[in-house]
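Working notes for the structure below.
Residue numbering restarts at 1 for every chain, and letters A, B, ... go by the order of the sequence lines. Scope of the values below: all heavy atoms of this structure, side chains included, with no hydrogens, waters or symmetry mates.
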4 protein chains.
Amino acid sequence: MPTKKKPQSTTAAPPERRGELLHTAAEVFAEQGYNATTVRKIADQAGMLAGSLYYHFDSKESMLEEILRTFLDELWTGYDTVLDAGLGPRQTLEALVTESFREIDRHRPAVAIYQREAKALVAQERFGFLAASQRRFEKAWLTTLEQGVADGVFRADLDIRLTYRFVRDTVWVAASWYRPGGQHSPEEIARQYLSMVLDGIARRDT
Amino acid sequence: MPTKKKPQSTTAAPPERRGELLHTAAEVFAEQGYNATTVRKIADQAGMLAGSLYYHFDSKESMLEEILRTFLDELWTGYDTVLDAGLGPRQTLEALVTESFREIDRHRPAVAIYQREAKALVAQERFGFLAASQRRFEKAWLTTLEQGVADGVFRADLDIRLTYRFVRDTVWVAASWYRPGGQHSPEEIARQYLSMVLDGIARRDT
Amino acid sequence: MPTKKKPQSTTAAPPERRGELLHTAAEVFAEQGYNATTVRKIADQAGMLAGSLYYHFDSKESMLEEILRTFLDELWTGYDTVLDAGLGPRQTLEALVTESFREIDRHRPAVAIYQREAKALVAQERFGFLAASQRRFEKAWLTTLEQGVADGVFRADLDIRLTYRFVRDTVWVAASWYRPGGQHSPEEIARQYLSMVLDGIARRDT
Amino acid sequence: MPTKKKPQSTTAAPPERRGELLHTAAEVFAEQGYNATTVRKIADQAGMLAGSLYYHFDSKESMLEEILRTFLDELWTGYDTVLDAGLGPRQTLEALVTESFREIDRHRPAVAIYQREAKALVAQERFGFLAASQRRFEKAWLTTLEQGVADGVFRADLDIRLTYRFVRDTVWVAASWYRPGGQHSPEEIARQYLSMVLDGIARRDT
DNA sequence: TATGAATGAGATTTCATTCAT
DNA sequence: AATGAATGAAATCTCATTCAT
């Protein structure tokens with residue numbers, strides 16, 4: 001039987017229902033995986049019947065699409081601000097990592113969904129925007145790393161693509177264990193991650 | 001004269017078929033996700049009909065179980081050898097990371113499946129062995145890191161659980177892009193990853 | 001001074017809305033078929049939401065009923081005038097055919113709906129009036145044809161039921177291609193059809 | 001509960017199951033209309049469960065497509081034989097009409113489905129072959145009629161397109177009442193129809 | 001060992017209809 | 001009169017699994 005979330009205070013702005021439902025769907029997708037999530041589970045969580053979701057959305061897949069699109073749109077707003085700021089490579093890297101943790105904080109379910117599903121989705125025409133985003137992403141990071149090597153702020157003895165994957169994945173998988181509102185703020189986690197990524201975990205003999 | 005064992009039926013070695021099919025299944029599971037993989041897809045890939053798989057296996061789930069069990073058994077054989085060798089924390093960490101990349105090389109599909117599905121599976125009784133493995137895994141790594149901090153070979157200013165997750169994720173997500181037989185051997189990748197994890201990607205001012 | 005009946009609410013004549021909506025519904029039913037027509041499609045066409053139709057009508061089926069009833073009422077008004085006029089069989093046939101084309105001209109959507117749906121509807125109690133109409137129809141035509149054969153104005157060498165179906169189908173299927181306001185008036189089409197039905201399309205050797 | 005048709009003699013050629021099912025589906029489609037026919041009704045009639053149909057067919061729509069394609073393929077085999085025979089216009093017309101009644105006799109359900117559904121289906125890309133067939137059909141008939149007028153065997157005072165529609169529809173709607181195995185053979189019905197179409201139903205004063 | 005055909009449970013989706021505002 | 005949101009029943013479709021051959 002449906003689990004009502006809340007009877008809602010009195011009156012909320014009307015066009016938010018969609019957003020609420022997407023939020024609910026994203027949480028269930030993130031928790032159980034897209035394929036294992038039935039529309040009935042989403043509807044239960046939202047306190048309605050499965051069929052009622054189709055008043056708001058065309059299909060289960062269109063919910064997934066909208067969740068991922070919304071997330072990527074906001075992610076790129078943040079990234080573009082960083083990339084357009086004209087910082088040096090090290091500051092750019094720090095800002096990108098920090099921004100990433102902020103996005104994980106704001107869109108944890110969407111990030112988790114992205115991690116788990118993106119690989120299988122890119123093949124579909126409908127999710128072509130994922131591939132486009134991945135290309136921009138790769139370009140932004142590779143450029144930053146290459147510039148850093150050229151400027152002498154990053155090590156020159158590492159395979160640059162390997163480094164790219166290392167930094168990229170290391171940051172984003174954090175979404176699988178990160179819980180918003182936990183001990184550390186996203187900025188604090190970013191700080192520690194950056195410290196590990198930049199300086200390593202081995203103790204320096206100074 | 002040639003050494004014939006038995007006048008075998010008609011076709012090739014029968015008991016290997018199981019292994020081949022598990023291999024095929026693992027690849028499809030890794031490619032598309034367990035839930036999105038239909039037994040028909042596996043059968044197609046193996047050149048048979050869906051129903052025929054049930055001569056070899058009890059169920060789709062039992063294929064998954066066998067794939068993961070086989071992988072974890074081999075992983076722990078390797079890990080136990082390292083952990084029982086009485087090395088210092090830094091050498092232990094290096095050996096575990098190297099061993100992990102070797103396992104990715106040998107069992108890439110299984111590793112990818114594990115990454116994607118483990119979280120949802122541990123709740124099931126049948127997959128209790130996953131939880132047991134995770135606990136041993138966490139213990140082995142945390143002990144090594146703590147010993148390293150105590151011995152002064154790892155930095156003491158980092159949150160130890162954050163460090164654990166950092167190292168753990170860093171290694172295993174490589175399965176998502178690693179392709180056996182590529183440019184770098186697993187040992188070479190391990191070397192570079194260890195270099196980044198231990199010393200960081202920033203250039204040192206000597 | 002202008003003759004105002006009542007200080008009407010705000011918008012135009014309310015009781016006409018029903019008729020407009022029935023007109024719209026009939027067109028969509030005729031275009032796509034009753035079953036394939038969703039109330040949403042009708043509402044879209046009418047510039048309102050699906051639920052709003054239920055202010056005007058009890059159900060989708062009641063719209064269909066009203067459309068068909070209105071059409072058959074008018075049809076029989078015309079037919080009865082002809083049948084009660086005491087004409088000879090040939091003039092009766094000509095008048096009935098002409099009247100039929102006039103009805104197609106006025107109620108084309110309803111005729112198309114009737115053609116397509118009547119067979120499945122007659123079984124329902126609610127649409128019993130269709131069966132009644134069909135019986136009267138058959139009787140009127142058969143009587144006319146039989147009288148014509150008896151009078152020697154129609155050929156005696158043809159199966160009378162086959163002839164009946166021939167004339168009936170010949171006339172009504174025209175609704176499937178007829179477009180009001182096209183090249184030919186209904187009377188002109190009737191004239192040509194009557195010429196073919198009565199005298200055939202082969203050239204006579206005079 | 002499912003209505004088993006027959007336990008079938010002993011062994012029928014295996015690849016006929018598809019054909020049997022299409023036959024069953026065609027009968028139900030013709031009887032109730034495509035949209036009003038549920039896959040469950042077809043399955044009931046075939047003595048199986050609804051889901052089992054999907055072992056043989058991709059979708060309900062693909063059954064419809066195959067039924068119509070098969071019918072049109074056979075229809076055109078027959079028509080082409082007539083059209084390639086080099087007959088005069090009157091013999092061609094007679095042969096086409098006779099062939100049409102034979103097709104109605106062989107494929108009554110498919111013809112009935114075609115009549116009822118074609119108009120709405122042609123809009124769909126998937127059913128583009130219907131439009132193609134219609135164009136060939138129109139061309140064949142118009143050419144024959146025009147040639148007949150030119151040769152002086154058909155009346156010159158009639159609108160040729162009107163005549164085309166008259167003959168075309170008159171013949172094909174017969175599928176709505178024709179029952180194979182009834183009183184008259186298709187050839188006998190064709191003969192009477194041709195007599196009416198060519199010479200009319202009015203008695204000639206010779 | 002494998003096929004061909006089916007089952008049966010459950011998933012997604014559709015849609016006429018209702019109802020508070 | 002009309003909207004926005006929902007219900008609930010039923011439809012289409014999916015798929016792991018079974019089983020006779």
Side-chain angles (χ1 to χ4, degrees), chain A residues 2 11 14-15 17-18 20-21 35-43 46-63, chain B residues 9-12 14 17-18 21 35-43 46-63, chain C residues 9-12 14 17-18 21 35-43 46-63, chain D residues 2 11 14-15 17-18 20-21 35-43 46-63:
Chain A
T11 27
R17 196 70 231 262
R18 246 186 113 75
E20 284 170 32
L21 291 172
N35 285 291
T37 299
T38 67
V39 292
R40 198 175 172 288
K41 281 180 194 161
I42 300 169
M48 52 166 50
L49 293 175
S52 307
L53 284 172
Y54 290 80
Y55 175 76
H56 300 278
F57 305 97
D58 282 346
S59 64
K60 183 183 160 189
E61 207 178 58
S62 76
M63 292 188 228
Chain B
S9 49
T10 30
T11 37
R17 197 72 226 264
R18 235 187 122 75
L21 291 172
N35 282 297
T37 299
T38 67
V39 294
R40 197 176 175 289
K41 280 180 194 160
I42 300 169
M48 51 168 51
L49 292 178
S52 309
L53 284 172
Y54 287 80
Y55 177 82
H56 301 278
F57 303 98
D58 282 347
S59 65
K60 184 184 163 189
E61 209 178 50
S62 75
M63 292 187 231
Chain C
S9 49
T10 29
T11 37
R17 197 71 226 264
R18 235 188 121 74
L21 291 173
N35 283 295
T37 299
T38 68
V39 293
R40 198 175 175 288
K41 279 181 195 159
I42 300 169
M48 51 169 50
L49 292 178
S52 308
L53 283 172
Y54 287 80
Y55 178 82
H56 300 278
F57 303 98
D58 283 346
S59 65
K60 183 184 163 189
E61 208 178 52
S62 76
M63 291 187 230
Chain D
T11 25
R17 196 71 231 263
R18 246 186 113 75
E20 284 170 34
L21 292 172
N35 285 291
T37 298
T38 67
V39 293
R40 198 176 171 288
K41 281 179 193 162
I42 300 170
M48 52 166 51
L49 293 175
S52 307
L53 285 172
Y54 290 81
Y55 175 76
H56 301 277
F57 305 98
D58 282 347
S59 65
K60 182 183 161 188
E61 207 178 56
S62 76
M63 292 187 228

Would you name the heavy atoms of [X] and [Y] that are closest together and state the gap between them?
X: Thr37(C); Y: Lys60(C); answer: O-NZ, 2.8 Å
X: Leu53(C); Y: Val39(C); answer: CD1-O, 3.6 Å
X: His56(B); Y: Arg18(B); answer: O-NH1, 2.8 Å

| Does Tyr55(D) have a side-chain nitrogen or oxygen under 4.0 Å from the phosphate oxygens OP1 or OP2 of dA5(E)? |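 Affirmative; the distance criterion is met.
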
| N or O in side chain of His56(A) less than 4.0 angstrom from dG4(F) OP1/OP2 |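 No, outside the criterion.
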
| query | Who is the Watson-Crick or G-U wobble partner of dT21(F), with both distances under 3.5 Å? | reply |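 Result: dA2(E).
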
| field | Watson-Crick/G-U partner (both atom distances under 3.5 Å) of dC13(F) | value |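 Because both required distances fall under 3.5 Å, dC13(F) counts as paired with dG10(E).
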
| message | Using whole Å, what does the distance between atom P of nucleotide dA5(E) and atom CG of Leu49(D) come to? | response |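 To the nearest whole Å, that distance equals 16 Å.
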
| Leu53(C) CG - dG4(F) P separation (whole Å) |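 My rounded result for the distance is 14 Å.
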
| field | Gap separating the OG atom of Ser52(C) from the CG atom of Leu21(C), nearest 0.5 angstrom | value |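 Here the rounded value is 10.0 Å.
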
| field | Euclidean distance, Met48(B) CE relative to Arg40(B) CZ, rounded to 0.5 Å | value |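 Answer rounded to 0.5 Å: 14.0 Å.
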
| said: Heavy-atom nearest nucleotide on DNA chain E for Gly47(B) versus Leu21(D): which residue maps closer to 5'? | reply: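 Going by which nucleotide is closer to the 5' end, it is Gly47(B).
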
| said: Each nucleotide in nucleotides 12-21 of chain E should get exactly one letter: B, S or -. Can you fill that in based on protein heavy atoms under 4.0 Å? | reply: SBBBSBB---

| query | Ser62(D): what forms a side chain to side chain contact (heavy atoms under 4.5 Å, CB included) with it, not counting sequence neighbours? | reply |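 For Ser62(D) the side chain to side chain contact (heavy atoms under 4.5 Å, CB included) partners, ignoring immediate neighbours, are Phe57(D), Asp58(D), Ser59(D), Arg126(D).
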
| field | Met48(D) side-chain proximity, nearest of dA6(E), dA1(F), dA2(E) | value |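 Taking heavy atoms from C-beta onward, the closest nucleotide is dA6(E).
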
